[in-house]
> 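Supplied in structure tokens, the structure appears directly below.
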Amino acid sequence: MLHIVNKSPFTHSALDTCVQVGQQGGDLLLIEDAVYAAVAGTAVERLVRHALQRFRVFALSPDLEARGVAGQLIEGITLVDYTGFVELVTHNKTCQSWL
Amino acid sequence: MPNIEVNGKSYETDEEGYLVNLADWNKDVADHIAQTENVAMTDQHWEVVDFLRGYYDEYQIAPAVRVLTKAIGKKLGPDKGNSQYLYELFPYGPAKQACKIAGLPKPTGCV
Amino acid sequence: MSEEGRTKKFMFVNRKAPYGTVYALESLEVVLITAAFDQDVSLAFLDDGVYQLRKGQQTKGIETKNFSPTYRALEGYDIEKLYVEKEAIEARGLSEEDLLVEVTVLDRQALGKLMDEQDVLLSF
């Protein structure tokens, strides 16, 4: 199952709930404002490291670049472009958007 | 916005003839809408219309046909809780036509 | 809607409070429409979504339709699987008695497992 989060972890609980609810072996994709979670050295790094133990974690590269934070990611996060986004969607049976 | 005239008073309806304001409804308005639908209201018709108004009052939606049929069967008995009976009363669809006469909005998910 | 005549498992995942955004009402409307297709439909309420089921909603003052009574109509639409996140109701000081319909309370991991078993997830 693919989890997609698009809200900043600093203003929304979406990422936190997603990590608590999601089952081992799922995929997590960070897009839009959720890409701030992928940055190393923030208050939510622990949460993201916890997510990495449970899921494969991806971040959408164009969204990182647009926000100027592409250079300092938490280790273990995989960058994807839009093609990679589509591949994740087709690879998984279902998808939950944590709006 | 089209209107209907009943007893010298004007009531707002939508393009399909459904009352815009739920609170505008009364028996005379219902009779008027029924006439435009070519339905001659009998006690059996009123029973369904009253049931629909009660349902809406409780749940804030107009029920889908299947749900209406089942609920009527539960309340008024199986001889009335079947689509044949309801379509005889309201040939153009019990949910659609009876809802219009009952002054309710068109049922959600009515296809 | 069903391929090869097989019933599919549809879960509506509701995570928003009822009046601040239109998500809750939109979800409920899609649920009612989906009910016509004889699929295996369930509803999950997580995070602020649990507020949708809060008893005692009075919307007159905000001039918005109170759609909370409609959740009680779901049973008549044969939608009887309603799941509520345990952590969410606890965090909001609620218990099952504060909710206007009968629900099954599950913790987050149990809910996640159920979500994993679905054919279709609809996120609201």
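Per chain, numbering begins at 1; letters A, B, ... match sequence-line order. Treat the numbers as computed from the prediction; the structure is a model and nothing was measured.
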> What is the distance from atom CZ of B/R66 to atom CG of C/D78, rounded to the nearest 0.5 Å?
5.0 Å
> Which atoms form the tightest heavy-atom contact between B/E58 and C/P69, and what is the distance?
O-CB, 3.3 Å
> Just checking heavy atoms, which of residues 39-57 of chain B are less than 4.5 Å from chain C?
B/Y55, B/Y56
> Please, which pairs that meet salt bridge (Lys or Arg N to Asp or Glu O under 4.0 Å) have at least one residue in residues 81-93 of chain B, sequence neighbours excluded?
none
> Please indicate whether C/E102 has more than 12 foreign heavy atoms, meaning atoms of other residues, nucleotides or ligands, lying under 6.0 Å from its CD.
no
> Using a heavy-atom distance cut-off of less than 4.5 Å, which residues of residues 47-67 of chain C contact chain B?
C/K65, C/N66
> For chain B, find its close neighbours in residues 105-119 of chain C: heavy-atom separation under 4.5 Å, sorted by number, or none.
none
> Search all heavy atoms of C/E75 against all heavy atoms of B/K70 and return the closest pair with its distance.
O-NZ, 4.4 Å
> If you apply the rule side-chain contact (heavy atoms from CB on, under 4.5 Å), what do you find for B/I61 with C/Y77, and how did you get there?
CA-CA 12 Å; B/I61 47 164; C/Y77 281 74; 3.7 Å; yes
> In this structure, are over 12 heavy atoms from other groups packed under 6.0 Å from C/K86 atom NZ?
no
